[in-house]
Q: 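My questions all concern the structure below.
Basis for what follows: all heavy atoms, side chains included, without hydrogens, waters or symmetry-related copies.
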Amino acid sequence: MTIKVHRIKKKYDKTMTIGLTTDYMNYTEDSKYPLDSEEDYEYHAFVVYCDDVRKWVHNDLLNRLENEEGLQLCIHHRNFIVGDSISVNVDNFIKKSWKVLVIVSNNFAQSEWCQWEVDVVQERRRRHGKEVIVPIILDTIDSKHMTSQLRTLLDSTPSIRYRSGVGSELFWKVLLESLRKPLEHPPTSLIYYPSFNGQTRVSPETEPPTWLLKNYHHYFLTFCKTRKLCDGSCIYDILVMISLRRCVICVVGLIVIELAFVDLSNDPVECLKPFCLCHKQSRGSAVCSGRSLHYIPRLPKYVRSVTFTNTSISAIETFGLVNLTFNQMERIKFTGNLLLTIDKDAFLNLTFLDSLIISHEPRLDIFSLKSSFMSLTRLKILFFDFSFNSWKSLPKDIFNNYHFSNVKSLFLKSNSFNSVTFTTFETMTRLREIFLADNPISHISFTNLTSLTKLDMSSNLLQSVPTFCERNNTSYFPNLNILILSRTYIEFLDPKSFRCLPRLSTLYLDYTNIRKLQDNVFASLPSLRTLHLNSIGHPLETITQNAFNSSSLETLILRESHFHFDQKDRYNASRIFVSCPNLQYLDLTHNNMPSDESTFQTIFRPLKKLQTLFLTSTKIVSLPTNVFTHMKFLQKLHLDDNGISFWNNSYHIFGNMTSMKHLSLRQNYISVINETSFPEDLLSRLETLHLARNPFSCICDQMWFRNWIQKNGTILKEYPNGYRCRHPNSMNGILLRDYKPTYKMCNPWNPLYTMAIVMGIVVISFIAVGSIAAKCQGNIKNYIYLLRVYHNRKKGYIPLDSEEDYEYHAFVVYCDNDRKWVHNDLLNRLENDEGLQLCIHHRNFIVGDSISVNVDNFLKKSWKVLVIVSNNFAQSEWCQWEVDVVQERRRRQGKEVIVPIILDTIDSKHMTSQLRTLLDSTPSLRYRSGVGSELFWKVLLESLRKPLGHPPTSLLYYPSFNGQTSVSPETEPPTW
């Protein structure tokens, strides 16, 4: 036979013929390789089918092939041995069957168990050739149900489609021919070698004989390095031919290959499609899958991480991983393959390997894996993952290899360990993480591992917390930082449970059976920062007053424990969080909070440093007041999925929350949001506001919120799809965004309003005119008289007051606290510099007369009144009385008679109605020292020297009987 080998590089467009003359094709004729026949088996065919086609299998297939044609079929409903597992039955009866009938239907494609049988059948096909399988398609497979395994089977194997009626006889004829057709040559992936007795044998599990590997080792490695010429199986094919013929010309052929193609060792290699997907990003990775793949292919140079999943690789032999030595392979993962053994030298030349993952390989011999560790020569193996392998125990010396001293992470999750002894890991002196989750571990024995920082023992059968103290009370794990004991059967904790863990900062006790939290359980953990107590107790029944005694605790997660905070006999509301004053994160989701505000306030009063609070699904109906307002550092508040519908006094609920950034009230019963729902300063600080899934009412009361969304909708979470109208029914389901009310819609003008207003104005006008006419006759006369006064004044008949008519230019009203300014500044400037005469009570009042008499007398002697206004003045009751007297003087002589001087700004809490009336109705001067003081004195002098205007119209003017005009403010006009 002549084998033609083609170069892949385009620049070598030549074909080299290698004369490897062999009688391979004549093996069958010479009886050196006996092929299987139907007489060698108990059954003609093993039938793989889904239960939904059982009727067709029993009534049609068995009836035709067994009753009419005399064949013997194996079907699981009839032939499987009761007591043996299904997988054992399948394995045994496939070995007893010459061929395999696969009945394909839509339900078959959807069945996971049938897919597993397809995998087993594909392994049989790989060993015996494609003629061993006969697929029968009963109905067309939907593309959504087509799996990769089934597609590979149908693409690589001729199938027969069943049609009832016309054409059925042709179907049965073709089926019979397929079942009786003899098997052809075995696939090239099988390994042929001569046994020691000189006869040729076939073994698909073992490697070539040692004499072949020794004699041709050099040529084999050289050929591997230049093997861009053919796929992975041709290596063994050529070696098989050499081993069978032992001809010198074969050796010469290999030497020719070595010399002719040594320059191709660095040629670029393409990803093996469709089996492998390669990604150049992220340091280069590849994923190879498919039951048709039964060897380790060569990969592009950039690949550093490779995953083999759901392939037919069953054994990794001495040179099984040689194709990966061309890469700087750092990570290898085998998962879900058919792996049975790994050779002790399999990892010999993988000098860059630092991560090895072997998972979902339940058939793998653990002792075979242990022996292969000896070939791991790299001293920096950092990561091992042996999860989901169904191992029942670990050999004690499995990791007794000095190369493992640098391993940092070890995953042994989801195996079948009943007990674990940590002496197994002693050689891993730098081990930082151990993951033993999802094992049925009921007993565990520790030993000293000083480097360990994380230990995961979740989902085991532990009934109590293991002891972490050695006999001398020193810690097995002095540097342990994270401990996970979730989903175990632990029921009780006491103050000694967590001794000897000085650096433990995170503790997980989720989904345990602890129904009562005792005092000081966590007090022995000086570094505890985070405590997870999700769904403990089922439900949690009691929390003692010092259960959370930990001054270092910052995060407490008590989700879904269904604890009744509304039942005071289960806990002490005033003490429950007193012992953890530094708590910053608290999650009480799915617990029952109290309905009375006083208990609510008592529970949360000690938590001054809280930053995040979850009260989701805690059956809160009304928002408590004066609870969140005391949490100055609170940034996130979640009140989702409660019964909150509305609230009043928003300032007492959300006020003074100066750090709040994220507020969530999702999925409550809130129908309307208006301007009183949240304080304005809170809304301006929020970064996110979550109000989705509430039953909003699309009515005019919602207009404020609708307008607010248009300006600030970016902070709303789930907007717009999470905000829909529930009421009225005509708008149910409509997006709140699409509800666009206008002012006219919400404030329609009724014509009746116009008629009512006009009629009201007319009626009020008549009533007003009538009232004025009836009750203001005297005022009318006064107005008439006033006209006469103005007429006479123009003719000079009414004399006006001037400063020469008074003894003092001004009467000064001031408070004793301002006496220094009055005496030193005011008197000095106005009397000494300007020559005015002022009246002040400290100097001018007559001793012996009462203050009220003095005030009344000296006001009459003063032309104007200076009122010195200050905060002290506003607080003095006596000064307020003087303001009343001054206001009477102003009423009689006009506003120019009073000159208010404001020394300092009056606090709003000190401002009285009398003082406000005075300042609002009278122009005032503000005193400022320094720059502007000269302008003040100038304006003050002008105000004091300004003549008085006309007296107010409330004064009554009338002529006296002697013919002269006089003024009287007390009496009414003469009757004439």
Q: Does a salt bridge link Asp587 with Arg559, judged by any charged N lying under 4.0 Å from a carboxylate O?
A: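 Result for this pair is yes, salt bridge flagged.
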Q: If you take the centroid of each ring, where Trp contributes its six-membered ring, are Phe108 and His145 closer together than 6.0 Å?
A: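 No, ring centres 6.0 Å or more apart.
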Q: Is there a donor-acceptor contact under 3.5 Å linking the side chains of Asn479 and Arg503?
A: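 Indeed, the side chains of Asn479 and Arg503 share at least one donor-acceptor pair under 3.5 Å.
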Q: Looking at the rings of His294 and Phe275, which for Trp means the six-membered one, are their centres under 6.0 Å apart?
A: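 Here the rings of Phe275 and His294 have centres that are no less than 6.0 Å from each other.
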Q: Is the distance between the SG atoms of Cys271 and Cys276 less than 2.5 Å?
A: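 No, the SG atoms are not under 2.5 Å apart.
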Q: Applying side chain to side chain donor-acceptor pair (under 3.5 Å) between Arg291 and each of Asp119, Asn337, Thr311, Thr152, report the one that passes.
A: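 For Arg291, the side chain to side chain donor-acceptor pair (under 3.5 Å) check succeeds only for Asp119.
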Q: Which label fits Tyr585 and Phe614: parallel for a plane angle under 30°, tilted from 30 to 60°, or perpendicular past 60°?
A: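 Judged by the thresholds at 30° and 60°, the geometry between Tyr585 and Phe614 is tilted.
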Q: Angle between ring planes, Phe383 versus Phe411, binned at 30° and 60°: parallel, tilted or perpendicular?
A: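 If you compare the ring of Phe383 with that of Phe411, the planes turn out tilted.
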Q: Indicate whether the side chain of Thr318 and that of Asp345 have a donor and an acceptor atom separated by less than 3.5 Å.
A: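 The criterion, which ignores hydrogens and geometry beyond distance, is not satisfied for Asp345 and Thr318.
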Q: In terms of ring plane angle, is the pair His562 and His590 parallel, tilted or perpendicular, where the classes change at 30° and 60°?
A: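 Because their plane-to-plane angle lies in the 30° to 60° range, the rings of His562 and His590 count as tilted.
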Q: Should the pair Lys370-Asp365 be classified as a salt bridge under the 4.0 Å nitrogen-to-oxygen rule?
A: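 Looking at Lys370 and Asp365, the cut-off is not met.
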Q: Among all residues two or more places apart in sequence or in another chain, which pass the salt bridge (charged side-chain N to carboxylate O under 4.0 Å, His left out) test with Arg499?
A: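 Arg499 satisfies salt bridge (charged side-chain N to carboxylate O under 4.0 Å, His left out) with no other residue.
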Q: Step by step, would you call Phe468 with Phe446 a ring pair (Phe, Tyr, Trp, His ring centres under 6.0 Å)?
A: CA-CA 8 Å; Phe468 298 98; Phe446 293 141; 5.4 Å; yes
Q: Among side-chain atoms of Glu560 and Ser535, is any donor-acceptor pair under 3.5 angstrom?
A: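 No - no donor-acceptor pair under 3.5 Å links their side chains.
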Q: Would you check if there is a donor-acceptor pair between the side chains of Ser387 and Ser359 at a distance under 3.5 Å?
A: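 Side chains of Ser359 and Ser387: no pair found under 3.5 Å.
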Q: Please work out whether the ring planes of His532 and Tyr508 are parallel, tilted or perpendicular, with thresholds of 30° and 60°.
A: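 It falls in the parallel class, under 30°.
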Q: Is a donor from one side chain sitting under 3.5 angstrom from an acceptor on the other, for Ser305 and Arg331?
A: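 The criterion, which ignores hydrogens and geometry beyond distance, is satisfied for Arg331 and Ser305.
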Q: Might you work through the ring pair (Phe, Tyr, Trp, His ring centres under 6.0 Å) test for Phe386 and Phe334, ending with a clear yes or no?
A: CA-CA 10 Å; Phe386 303 125; Phe334 291 97; over 10 Å; no
Q: Looking only at the SG atoms, are Cys114 and Cys50 under 2.5 Å from each other?
A: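 A disulfide is absent here, as the SG pair of Cys114 and Cys50 is separated by 2.5 Å or more.
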Q: Report the relative orientation of the aromatic rings in Phe80 and Phe93; use parallel for angles under 30°, tilted for 30 to 60°, perpendicular for over 60°.
A: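 Plane angle under 30°, so parallel.
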Q: Do Arg298 and Phe326 meet the cation-pi criteria used here (NZ or CZ under 6.0 Å from the six-membered ring centre, within 45° of the axis)?
A: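 Flagged: Arg298 positioned over aromatic ring of Phe326.
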